[in-house]
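Notes follow once the structure below has been shown.
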Amino acid sequence: MASGEGLEDIVAGKSAISTIDGKRGVLTYRGISIHDLADHSTFEETVYLLWYGRLPKAVELRNFCEQAWAEVRLPKDVVAQLHSLPDDANPMSLLRTGVSLLGLSDPEEGGSNAPEQPAPGVNLIGQLGPEAPGFGPNHPNSKKAVRLLGQMAALVAAIQRLQKHQDLVAPRPGKSIAYNFLLMLTGKEPDEEATRIFDTCLILHADHEFNASTFTARVAAGTLSDLHSAIVAAVCALKGPLHGGANTAVMKMLMEVQDPARAQDWVKDALDKKKKIMGFGHRMYKGEDPRATHLRKMSESLCAKVGRPDLYELSKNIETAMFALKQIKPNVDFYSASVYYSLGIDPELYTPIFAMSRVSGWIAHVLEQLANNRLIRPVADYVGRQDVPYAPLAQR
Ligand code: ACO
């Protein structure tokens with residue numbers, strides 16, 4: 001492959017938010033292992049960590065949760081506009097439009113993007129060295145950030161319910177984003193295990209260094225465009241099947257293969273036809289994706305719990321065949337599919353769910369970009385024709 005293609009191995013900027021060691025299968029958020037966060041943290045605490053640069057103290061976490069949970073709802077005008085959209089559209093296209101509508105209705109729309117002077121103790125991204133951009137609590141972007149975090153969960157649930165011609169469900173005050181998302185999606189109170197598993201999925205998807213959608217958000221933010229525009233741009237990039245769209249494609253594949261005993265032949269046939277197997281491979285990880293380690297375990301226990309152990313067995317057989325034939329391991333999207341399916345979530349919603357988690361990382365990166373902004377503008381290796389004379393229309 002020509003050097004620089006796909007920007008592989010190109011360092012495109014500094015970041016103190018998350019880092020990946022693809023050889024050792026390590027992912028950290030603000031220096032803390034994803035394994036520790038998955039085992040011990042909550043999504044809200046993880047978002048605080050990403051935005052403020054450190055884990056919150058008890059009172060800080062309580063205040064942050066109160067703020068974020070109060071935003072798990074949609075403005076009435078946005079709901080009315082969502083009703084007018086085609087209900088058979090791709091949910092990611094509806095999400096893209098939904099985030100854009102949220103931007104238009106945001107009270108801070110049009111507010112300044114310029115960082116405030118750092119004020120000790122009040123920065124959005126904390127005081128810890130280079131990641132402190134000086135966004136005070138009254139900065140328009142601080143308010144937009146918390147609002148958008150909560151609204152994304154309400155929006156994803158609303159998209160599904162509107163598509164199914166169901167009434168929207170109100171959130172329960174004082175409950176987590178994971179709990180209220182599942183409640184607002186299904187209309188039923190989720191049990192503790194489902195809530196914890198879904199919360200862990202949100203933690204695992206929250207950030208991943210300069211991936212395609214995050215980089216897209218940073219490019220948009222680097223022009224000093226507004227926060228919602230950067231998030232819309234990121235949603236557009238996440239939609240593609242080589243990025244976030246792979247989790248929906250994985251479920252379609254599992255439904256197509258169906259029988260665990262067919263996995264080996266199916267994978268071989270697909271590889272012989274030079275097809276990409278969705279949910280496998282990663283630009284950064286050549287060994288185990290540490291997020292897949294957790295999702296695999298969750299898939300095993302959840303599939304058994306809902307009486308679909310065959311779905312886990314099928315996934316495992318595809319993983320085994322893929323490694324035997326191509327030495328490629330699953331990425332974050334592979335086992336997410338059977339986990340979400342076992343939670344009763346429709347496959348079309350898997351990528352929007354990815355976005356409702358990843359919005360936390362996108363926001364962290366937009367704020368980090370703005371804190372020390374320089375327009376992102378690479379150069380192309382020009383391979384086109386040179387010195388071509390302009391031919392008048394009549395002579396072409
Ligand atoms: N199935 C079959 N072969 C694969 C796969 C796959 N899923 N992934 C990589 N390969 C092969 C390629 O065919 C290529 O083989 P070759 O050298 O014999 O031609 C080699 O591995 C390198 O693959 P690239 O596509 O060049 O690797 P790149 O780093 O550009 O792509 C990507 C990474 C896009 C994730 C790729 O692995 C892929 O398309 N996977 C399937 C889609 C997917 O699961 N995407 C989600 C990624 S995670 C995320 O974004 C949240």
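For ligands, and for the atoms within them, numbers begin at 1 and follow the listed sequence.
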Mode of Asn331 contact toward ligand 1 - side chain, backbone, both, neither (heavy atoms, under 4.0 Å): side chain
Ile277 N/O under 3.5 Å from ligand 1 N/O: yes
Ligand 1 contact by Phe354, heavy-atom criterion under 4.0 angstrom: yes
Donor-acceptor under 3.5 Å (Gln151 side chain, Val99 main chain): no
Geometric class of the Trp51/Phe64 ring pair [parallel <30°, tilted 30-60°, perpendicular >60°]: perpendicular
Identified salt bridge (charged side-chain N to carboxylate O under 4.0 Å, His left out) partner of Glu288 from the options Lys23, Arg24, Arg296: Arg296
contact_flag Asp289 ligand 1 heavy-atom lt 4.0 Å: no
Nitrogen or oxygen atoms of Gly279 and ligand 1 under 3.5 Å apart: yes
Geometric N/O contact Lys286 with ligand 1, under 3.5 angstrom: no
Electrostatic pair Glu348:Lys252 at N-O distance under 4.0 angstrom: yes
Polar atom proximity, Arg283 to ligand 1 (N or O, under 3.5 Å): yes
Polar contact flag for Phe280 and ligand 1 (N/O pairs, less than 3.5 Å): yes
For Ser176, the option from Thr42, Thr195, Leu182, Leu202 that meets side chain to side chain contact (heavy atoms under 4.5 Å, CB included): Thr195
For Met322, the ligand 1 atoms whose distance to one of its heavy atoms is below 4.0 Å: 1 (N), 2 (C), 6 (C)
Per-atom contacts, ligand 1 versus Asp333 - under 4.0 Å to a heavy atom: 46 (C), 48 (S), 49 (C), 51 (C)
Could you go through residues 297-305 and list every donor-acceptor pair under 3.5 Å that involves a side-chain atom there, pairing it with any protein atom two or more places apart or in another chain?
| from | atom 1 | to | atom 2 | distance (Å) |
| --- | --- | --- | --- | --- |
| Ser299 | OG | Ser338 | OG | 2.8 |
| Ser301 | OG | Met298 | O | 3.4 |
| Lys305 | NZ | Asp191 | OD2 | 3.3 |
| Lys305 | NZ | Glu193 | OE1 | 2.8 |

Separation between CG of Asp87 and CG of Leu82, rounded to the nearest 0.5 Å: 12.0 Å
Ion pair Glu189/Lys175, N-O distance below 4.0 Å: no
Option set Met284, Gln327, Glu5, Lys326, criterion heavy-atom distance to atom 3 (N) of ligand 1, minimum: Lys326
Ligand 1 versus Leu271: contacting region, heavy-atom distance under 4.0 Å: side chain
Ring centers of Tyr350, His205 separated by less than 6.0 Å: no
Ligand 1 to His243 polar contact by distance, N or O atoms, under 3.5 Å: yes
Any Glu8 heavy atom less than 4.0 Å from ligand 1: no
His243 and Phe354 aromatic ring geometry - parallel, tilted or perpendicular at 30°/60° bounds: perpendicular
Polar atom proximity, Arg291 to ligand 1 (N or O, under 3.5 Å): no
Numbered atoms and elements of ligand 1 in range of His282, under 4.0 angstrom, heavy atoms: 37 (O), 48 (S)
Glu368/Lys14 ion pair, N-O < 4.0 Å: no
Whether Pro241 lies under 4.0 Å from ligand 1, heavy atom: yes
Proximal candidate to atom 45 (N) of ligand 1 [heavy atom criterion; set Leu242, Asn247, Ile328, Leu325]: Leu242
For ligand 1, the portion of Lys274 having any non-hydrogen atom under 4.0 Å away: neither
Part of Val332 within contact of ligand 1 (heavy atoms, under 4.0 Å): side chain
Parallel, tilted or perpendicular, as decided by the 30° and 60° cut-offs, for the rings of Tyr48 and Tyr52: parallel
Numbered atoms of ligand 1 (with element) below 4.0 Å of Ala246, judged on heavy atoms: 43 (C), 44 (O), 45 (N), 46 (C)
Parallel, tilted or perpendicular: rings of His282 and His208 (30°, 60°): perpendicular
